[in-house]
Number of protein chains: 2
Amino acid sequence: MENLPLRFESIFSADCIIFGFDEGELKVLLIERNEEPFKEWFALPGNFVYENESIDEAAERILYELTGLKGIYMQQFYTFGEVNRHPQGRVITVAYFAMIRLNGQKELKPVTNYARKAVWVSVKDLPQLAFDHTEIFKKGFEKIKNKISYQPIAFELLPEKFTLTQLQNLYEVILNKKLDKRNFRKKMLAYDILKELDEKQKGVSYRAAKLYKFDKRKYSKYFHNELSFGKE
Amino acid sequence: MENLPLRFESIFSADCIIFGFDEGELKVLLIERNEEPFKEWFALPGNFVYENESIDEAAERILYELTGLKGIYMQQFYTFGEVNRHPQGRVITVAYFAMIRLNGQKELKPVTNYARKAVWVSVKDLPQLAFDHTEIFKKGFEKIKNKISYQPIAFELLPEKFTLTQLQNLYEVILNKKLDKRNFRKKMLAYDILKELDEKQKGVSYRAAKLYKFDKRKYSKYFHNELSFGKE
DNA sequence: AATATACGGTGTATTTTTTACACTAAGTGA
DNA sequence: TCACTTAGTGTAAAAAATACACCGTATATT
């Protein structure tokens, strides 16, 4: 093959790993493909980057088309550019992860034509994915496992008001390990990035827990403190 | 503008931040551009990704063309895709950093035509760079500052055999802070990733220090231990 | 009203890690 | 042999991480 710049017939796309937390499980939003190749396979949501948009904007658009949500926490984490990753030609993809608050609603009606439907799947039983999306998912999951220990991204997955137990559960699910309740609370409160509310949990059949919310102001003051829940 | 996939007229490139350590200074390899736009400006070495190569291969090629070196430690760290980052059209670039052993040699004869020459510049007095390369450099430098504290990448910049003082100097230069000699040695040796050699430093006009080398075998045993020189 | 149930919420002692700190030893060059 | 320069070393104090168990309180049940 000749040495030509990737100019014609080359395409790039952005793919998104969209995480949600529901009923104690960490979930990913997958689409069922409506087009060849890999028609009817599950895949990460993704689409081409248009000429007039940045890659970040493309990622935001993909998320919006699927969920109707804007202003969501998203982060680029890796670019996949193997020559044969796409069976129909050269495609380079920039991968993002995003975290959204589920708040119970689970049905999504994607407005894109490349997907026939979108479903939330627990990360524990992820099906085989189209293209190299399984690899992309693994890399992104590793990334957030890592990142959650030193940056307050977990809050993005919880309702605005949450209990410390809910927060701990989320950490436990992502890190896939049990944490000690007293130590977790001590540490989390010591970071001083949570605001204790006057409200309490409702609708539980036992003693209601205090609600907290993430305090962005306080956080930015201490931006350098790394949260650490890695070793316990 | 229409919403078209970035198919025609779109280009991507790989840009490399190539670090070297010499005479106690951290340096970057810059090229002086030989072509418009930004002719005669300094820039990060970079080139288009060809159709028949992965992005990683493109990055390796760029490094090879400039330095004649292969098998160098390189890592992708971010992809820059703003619409107007290149004055002549849409270019997306995947950025890498690389670390090479300088061993004194400083003259490089680039064999590419986009560069008239390549020079080592201290990171402390980096000139203005073409395109958004200053931003790319900053992001990459942050990345290695971060990474050096938990992965043994610093060794890539040193000669195969080095003294603990040389290693400490390198950490100090990258982290831009003084470290305590005793604590540095204690910690570094405790990781048990260095092999003490029988040899000593030569050609110094004072007591010669012991030489060490990085022991990859030992390192992979304890791959999970994060080196940490972040807080002192 | 009494009781059972389930989670909420709290403190302390121990171990480990990090930090701060200063002098003698050894080799070189004059 | 003396002056100079860097090599090489240990300990004590502070901070952070860990391990660990019980009572309190709201709700549901009888």
* Roughly how many Å is it from CG in A:Leu167 to P in C:dG8, rounded to a whole number? -> 13 Å

* Asked: Are OP1 or OP2 of D:dT6 and a side-chain N or O of B:Thr165 less than 4.0 angstrom apart?
  -> no

* To do: Take the protein atom OH of B:Tyr150 and the nucleotide atom C1' of C:dT17, then report the distance between them rounded to whole Å.
  => 21 Å

* Asked: Would you call A:Glu25 and A:Lys124 a salt bridge, using N to O less than 4.0 angstrom?
  -> yes

* **Residue met sooner reading DNA chain D from 5', once B:Leu164 and B:Ser205 are mapped to nucleotides** => B:Ser205

* To do: Would you indicate, yes or no, if D:dG8 has its OP1 or OP2 atom less than 4.0 angstrom from a side-chain nitrogen or oxygen of B:Arg185?
  => yes

* To do: Verify the neighbour count for atom NZ of B:Lys145: are there more than 12 heavy atoms of other residues, nucleotides or ligands below 6.0 Å?
  => yes

* To do: Answer yes or no: side-chain N or O of B:Lys186 and base N or O of C:dT18 forming a donor-acceptor pair under 3.5 Å.
  => no

* To do: Can you tell me the distance, in whole Å, between the CD atom of A:Gln201 and the C1' atom of C:dG9?
  => 13 Å

* Residues in ring-ring contact (aromatic ring centres under 6.0 Å, His included) with A:Phe80, at least two apart? -> A:Tyr78

* To the side chain of B:Tyr206, which of C:dG27, C:dT18, D:dC20 is closest? -> C:dG27

* Roughly, in whole Å, what's the span from NZ in B:Lys202 to C1' in C:dG27? -> 15 Å

* Pair listing, salt bridge (Lys or Arg N to Asp or Glu O under 4.0 Å) test, anchored in residues 130-140 of chain B, at least two apart -> B:Arg85-B:Asp132

* Donor-acceptor pair present, B:Arg207 side chain and D:dA7 base, under 3.5 Å -> yes

* To do: Test for a donor-acceptor pair under 3.5 Å between the base of C:dG9 and the side chain of A:Lys210, counting only N and O atoms.
  => no

* Asked: Would you say the side chain of B:Arg182 and the base of C:dA20 hold a donor-acceptor pair, judged only by whether the two atoms sit under 3.5 Å apart?
  -> no

* Asked: Less than 4.5 Å apart, any side-chain heavy atom of B:Lys161 and any of B:Leu197?
  -> yes

* Asked: What is the distance, rounded to the nearest whole Å, between atom CD of A:Glu196 and atom P of C:dG9?
  -> 9 Å

* Could you check how far OH of A:Tyr212 sits from P of C:dG9, rounded to whole Å? => 6 Å

* Asked: Can you check the A:Met188 CE to C:dT10 C1' distance for me, whole Å?
  -> 18 Å

* Asked: How long is the line joining CG of A:Asn183 and C1' of D:dC20, in whole Å?
  -> 9 Å

